[in-house]
Amino acid sequence: MDHSADAQRTDLMTITRFVLNQQSNHPESRGDFSILLSHIVLGCKFLCSAVNKAGLAKLIGLAGETNVQGEEQKKLDVLSNDVFIKALVSSGRTCILVSEEDEEATFVEASKRGKYCVVFDPLDGSSNIDCGVSIGTIFGIYLIKEDHEPTIEDVLQPGKNMLAAGYCMYGSSCTLVLSTGSGVNGFTLDPSLGEFILTHPDIKIPKKGKIYSVNEGNAKNWDDPTTKYVENCKYPRDGSSPKSLRYIGSMVADVHRTLLYGGIFLYPADKKSPNGKLRVLYEVFPMSFLMEQAGGQAFTGNQRVIYQKQGEKQKISLD
């Protein structure tokens, strides 16, 4: 990539322009989906700013509460959840919001209600906040039928029904990766403009990768097929070069690297967590949707992840 040439470009493709261009391909569209995405983008910008100054603003450390998963909530977890709830409700285009941080789904009042359900993890990898490792927001969007009062059953859909999914990674740069069902595109926040600029158009995962990503600290609890697969990554029987292990412990960062460099990311069920630990609705489904849109695979060991039903055993692999 010619970065010097990019620096002189004036015809920038912002995420707003990109979404509007896609909207023009659907003459019947009223712009509701574009408005919803713009509010998600606003939430990501706010969180990027908050993450960058977390230490100075005393947002690092524990908030003294636990979330629905039983994890201790960081101060930034609580802030990020509030930001996204308010941004999504104020869009006037959502009817149900499901967050990792809340025990119950949020049902938007009728006067502000729209036709979309948004499922999200407002700050994935928050255990890494205090040490400056990349963290991020994961989200997925479903369309809800408007012929009845919304219920929690409207949310419990398989990943194949998603309209869009994405994540925003807060690290050395702020990167938003988005798919609306026709490929995957990556945007980087230009702080001087306050805009996400298209920097990774039409992302395609490399067909072959040299990296495997898994928490080997859980190896003693794995089943035999998982153990044998990882062993073959390290000691290939066909004489090929061994794969390199890269594991950050932040799903957004690990998946982002896998999308760009190829390889495989695993989070298998084991004896300690027989149903797996990843949250299907707002982590696994959105990431699997993105991975398949980029030409990769996402599977449980038995089936494609996006066809999985809620509550089924997980052995998630993304490659």
Side-chain angles (χ1 to χ4, degrees), residues 1 3 124-125 128 133-136 138 159 165-173 175-179 181-188 198-219 222-270 276-278 280 283-308 314-319:
M1 182 179 290
H3 293 287
D124 174 69
N128 291 315
V133 172
S134 294
I135 53 182
I138 306 171
Y167 61 81
C168 189
M169 184 176 68
Y170 315 111
S172 57
S173 61
T175 305
L176 194 154
V177 175
L178 174 70
S179 174
S182 54
V184 180
N185 292 277
F187 304 82
T188 302
L198 181 63
T199 51
H200 297 78
D202 195 22
I203 296 172
K204 295 295 182 188
I205 187 169
K207 292 188 180 298
K208 287 192 176 181
K210 301 178 181 178
I211 297 171
Y212 74 100
S213 183
V214 65
N215 183 357
E216 290 207 61
N218 296 325
W222 290 343
D223 59 21
D224 286 341
T226 302
T227 300
K228 289 177 181 177
Y229 176 80
V230 173
E231 195 71 10
N232 192 57
C233 287
K234 295 187 285 187
Y235 308 104
R237 300 186 186 92
D238 60 2
S240 61
S241 299
K243 288 181 168 57
S244 299
L245 171 65
R246 298 286 186 272
Y247 184 73
I248 299 169
S250 171
M251 189 183 186
V252 168
D254 281 315
V255 170
H256 186 68
R257 183 199 57 246
T258 304
L259 267 179
L260 297 184
Y261 296 166
I264 184 169
F265 169 79
L266 306 90
Y267 208 121
D270 55 32
K277 289 190 69 175
L278 294 179
V280 172
E283 291 180 342
V284 176
F285 280 167
M287 290 305 202
S288 299
F289 183 91
L290 287 168
M291 194 62 65
E292 290 203 359
Q293 286 292 319
Q297 300 178 20
F299 56 96
T300 65
N302 299 312
Q303 62 178 335
R304 289 167 62 192
V305 170
I306 60 173
Y307 284 90
Q308 183 183 17
Q314 305 173 36
K315 186 169 87 173
I316 306 301
S317 301
L318 305 176
D319 64 356

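Below, each value reflects all heavy atoms present in this structure, side chains not excepted, and no hydrogens, waters or symmetry copies.
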**Request:** With sequence neighbours excluded, tell me which residues meet salt bridge (charged side-chain N to carboxylate O under 4.0 Å, His left out) with D124.
**Result:** none
Listed partners of [X] passing side chain to side chain donor-acceptor pair (under 3.5 Å), at least two apart:
X    : value
T227 : none
S241 : none
Q293 : none
D224 : none

**Which residues share a ring pair (Phe, Tyr, Trp, His ring centres under 6.0 Å) with Y170, sequence neighbours left out** =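 Result, ring pair (Phe, Tyr, Trp, His ring centres under 6.0 Å) vs Y170: none returned.
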**Asked** What residues form a ring pair (Phe, Tyr, Trp, His ring centres under 6.0 Å) with F289, not counting sequence neighbours?
**Response** none
If I compare all heavy atoms of [X] with all of [Y], which pair ends up nearest, and what's the gap?
X    : Y    : value
L290 : A165 : CD2-O, 3.5 Å
A269 : G276 : CB-N, 3.7 Å
F285 : V305 : CE2-O, 3.3 Å
V184 : A294 : CG2-N, 3.7 Å
S134 : G171 : OG-CA, 3.5 Å
I135 : S250 : CA-OG, 3.8 Å

**Item:** V284 and its side chain to side chain contact (heavy atoms under 4.5 Å, CB included) partner, picked from T300, L278, I138
**Value:** L278
**Request:** Rounded to the nearest 0.5 Å, what's the gap from CG on N218 to OG1 on T226? Could you check?
**Result:** 11.0 Å
**Message:** Nearest 0.5 Å, please: how far is CE in M287 from OG1 in T258?
**Reply:**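 Answer rounded to 0.5 Å: 9.5 Å.
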**Prompt:** Quick one: salt bridge (charged side-chain N to carboxylate O under 4.0 Å, His left out) pairs with a partner in residues 285-298, sequence neighbours left out?
**Reply:**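 Non-adjacent pairs meeting salt bridge (charged side-chain N to carboxylate O under 4.0 Å, His left out): E292-R304.
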May I have the list of side-chain donor-acceptor pairs in residues 201-214 shorter than 3.5 Å, sequence neighbours left out?
unit_1, atom_1, unit_2, atom_2, d
Y212, OH, E216, OE2, 2.8
S213, OG, R246, O, 2.7
S213, OG, D254, OD1, 3.3
S213, OG, R257, NH2, 3.1

**Message:** For H256, run the ring-ring contact (aromatic ring centres under 6.0 Å, His included) check against Y261, Y167, F265 and tell me which one passes.
**Reply:**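 The option that passes is Y167.
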**Request:** Quick one: list whatever passes side chain to side chain contact (heavy atoms under 4.5 Å, CB included) with S172, sequence neighbours left out.
**Result:**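 Partners of S172 under the side chain to side chain contact (heavy atoms under 4.5 Å, CB included) test: none.
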**Request:** Name all residues meeting the side chain to side chain contact (heavy atoms under 4.5 Å, CB included) criterion together with N232; count only those two or more places apart in sequence or in a different chain, and write none if there are none.
**Result:**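 N232 satisfies side chain to side chain contact (heavy atoms under 4.5 Å, CB included) with R237 once adjacent residues are dropped.
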